[in-house]
Amino acid sequence: MTHNAKIPFLDLVTPHLELQDELVKIFTSALRTAAFVGGPAVEGFERDFAQFCEVGHCVGVNSGTDALRFALIAAGVQQGDVVLTVPMTFIATTEAITQAGARADFVDIDTRSYTMDPEKLRAYLETRCDVNKETGRLIHRDLHRPVTAVIPVHLYGQTADMDAILKLAARYKMIVIEDACQAHGAEYFSKKENRWRKAGSMGQAAAFSFYPGKNLGACGEGGAVTTHDEQLARKIRMLRDHGQSKKYYHEMEGYNGRLDSIQAGILQVKLRHLAEWNDKRRNAAARYQELLAPMADDIKVPFEPNWAKSIYHLYVILTRDRDRLIEHLGTAGIGTGIHYPIPVHLQTPYRVLGYKEGDFPVSERVAAEAVSLPMHAHLSPEQQRLIAESLFAFMSLGMPAA
Ligand SMILES: *Cc1c(COP(=O)(O)O)cnc(C)c1O
C-alpha cells in the first residue's frame, strides 16, 4: 500500500533552498541601495528574459493579468470590441479582456491538445462574422461589434497551434496576444517558417506570469509582456507607470503595474535554471507516459503533437471517476489539483454572456474529468512510481474482475 507517501503537488521550497545564498544576496543588495522599484535589476531581467524568449523587447509588470491587459490596450483593442479566447483557461484571460473594455467570446479547444481549435476559430469567423465592405473590419453578426483580437492560451505549458491561428488572424486583420502565462520556454514548430519558435515570440505580444507556482516564479507577484514591436513595448512601459515616459509628465492615463526590483533580481537568478528545470519536467512527463500506459482504458494522458515542445507546467490526465480518484490519492498522501473545475463560460461573472452547459463540450469535458498530478522539477522517479501504483490500485478496485 502507498499510505502517506507525502508527495506534494508542487514543491516551492526545494528550488529556493538550493539557491538560497544567491537569492538572499538580491535582498541584501536591495536593502543597501534602496533600489526597490525600477532600476538596473528590472532592466537586467528584461534583457535576459527577452533573449530567452527570442524577442526584441520584454517589459516587466506586476502580474500576468496586468501583462494581458496592457498588451490588449497597447495593441489597440478598443472599448466595445469582441476579443476571442478559449473557455478552458484561468479567469485572468477573460478578466483582462473585460478590463481592457472589450467583450470576451469563446472558441472551444481541440480534443487532444486542449488548446484553441483553429478549425473552430475558422468556423466562428466565417459563420458568425462579416467583413464590412466599406471599412474592411470584421463585425460580429449578432453583436454588431468589431472582432479585433484573439488570445490563444498555451495551456498546461503547451503552445496552441499557432501557424493556423496566425494565418486566420492575418486574413481577418486581428491582433494576436499569446497567453503564455503557463509556457515559459515552450516551443512550437512552425511549418510555415520551418523552425522552432519560442512561446511569447509569435503574436504581436505575449503575456507571462511569474506567480510563484509557474515554471518561472517570483517570490511574490510578477509578470512580463514580450514583443518584437518597439512602439508596443514603449506603450506598455508607459501603461505600467501611470502613462508617464518621464517622471510627472503623463502622456496618458496608465496603471500602477510595475515589476519590483527584488522580484526582478530573484527572477534573473532563477531564469538561469529554467531550461534545466523545464527539461526535468519533460523527463518526468515521459516517465508518467510510460508508467500510465497500461491504464490507457481508464486514464487519458496528455498528448504532445509533433509541433509542440511542452514545458509541462501541469501534467493533466482525464478520468471519468475524477472526484473519487482525487480522494483516493489524497488518502495515500499524494497531492493533486484541478485545472480547471469550471470552464470560464459557465463561471458566475460570465452568465451575462448567456452561455449554458453543452455550448463548449470539449472544455466542459476537460473541466469534469481533469486531474493534475504532482509535477515539478524536483519530482523523483520513485515518487512517480508510488503515484502510478496508487492509480493502479484505484483502477483495479473500480474494475470488474476479468
Ligand atoms: C497564472 C495565469 C494568468 C494570470 O497570471 P497572474 O500573474 O496570476 O496574474 C493568466 N493566464 C493563465 C493561463 C494563467 O495560468
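In listed order, ligands and their atoms are each counted from 1. We use all heavy atoms of the structure for the numbers below, so side chains are in, but hydrogens, waters and symmetry mates are not.
- For A92, every heavy-atom contact with ligand 1 shorter than 4.0 Å involves the side chain, none the backbone.
- Contact annotation: for T89 versus ligand 1, heavy atoms closer than 4.0 Å belong to the side chain alone.
- Distance check, rounded to the nearest 0.5 Å: NE2 of H378 to CD of Q383 gives 11.0 Å.
- Look at H313 and you'll find every heavy atom at least 4.0 Å from all atoms of ligand 1.
- Closest to atom 11 (N) of ligand 1, if we only count protein heavy atoms, is D179 OD2, 2.9 Å.
- Checking side-chain atoms of E364 against main-chain N and O of G358 turns up a donor-acceptor pair under 3.5 Å.
- Atoms of ligand 1 found under 4.0 Å from any heavy atom of C181, numbered from 1 in the order shown, are 2 (C), 3 (C), 10 (C), 11 (N), 12 (C), 14 (C).
- For atom 8 (O) of ligand 1, the closest non-hydrogen atom on the protein side is S209 OG, 4.0 Å.
- Comment: R47 does not engage E43 in a salt bridge, judged by the lack of any side-chain N to carboxylate O separation of less than 4.0 angstrom.
- Counting all heavy atoms, side chain and backbone alike, V366 lies closest to I109 at CG2-CD1, 4.0 Å.
- When only non-hydrogen protein atoms are considered, atom 9 (O) of ligand 1 lies nearest to T65 OG1, 2.4 Å.
- Residue S63 has at least one heavy-atom neighbour below 4.0 Å for each of these atoms of ligand 1: 7 (O), 9 (O).
- Polar contact with ligand 1: present for G64 (N/O pair, distance under 3.5 Å).
- Ring geometry for Y255 against F70 counts as tilted: the plane angle lies between 30° and 60°, on a 0 to 90° scale.
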Check against ring-ring contact (aromatic ring centres under 6.0 Å, His included), H154 and F208 = CA-CA 11 Å; H154 303 326; F208 287 89; 8.5 Å; no

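- In this structure, K198 forms a cation-pi arrangement with F52, its terminal cationic atom sitting closer than 6.0 Å to the ring centre and no more than 45° off the ring axis.
- Scanning all protein heavy atoms for the shortest distance to atom 2 (C) of ligand 1 gives K214 NZ, 2.6 Å.
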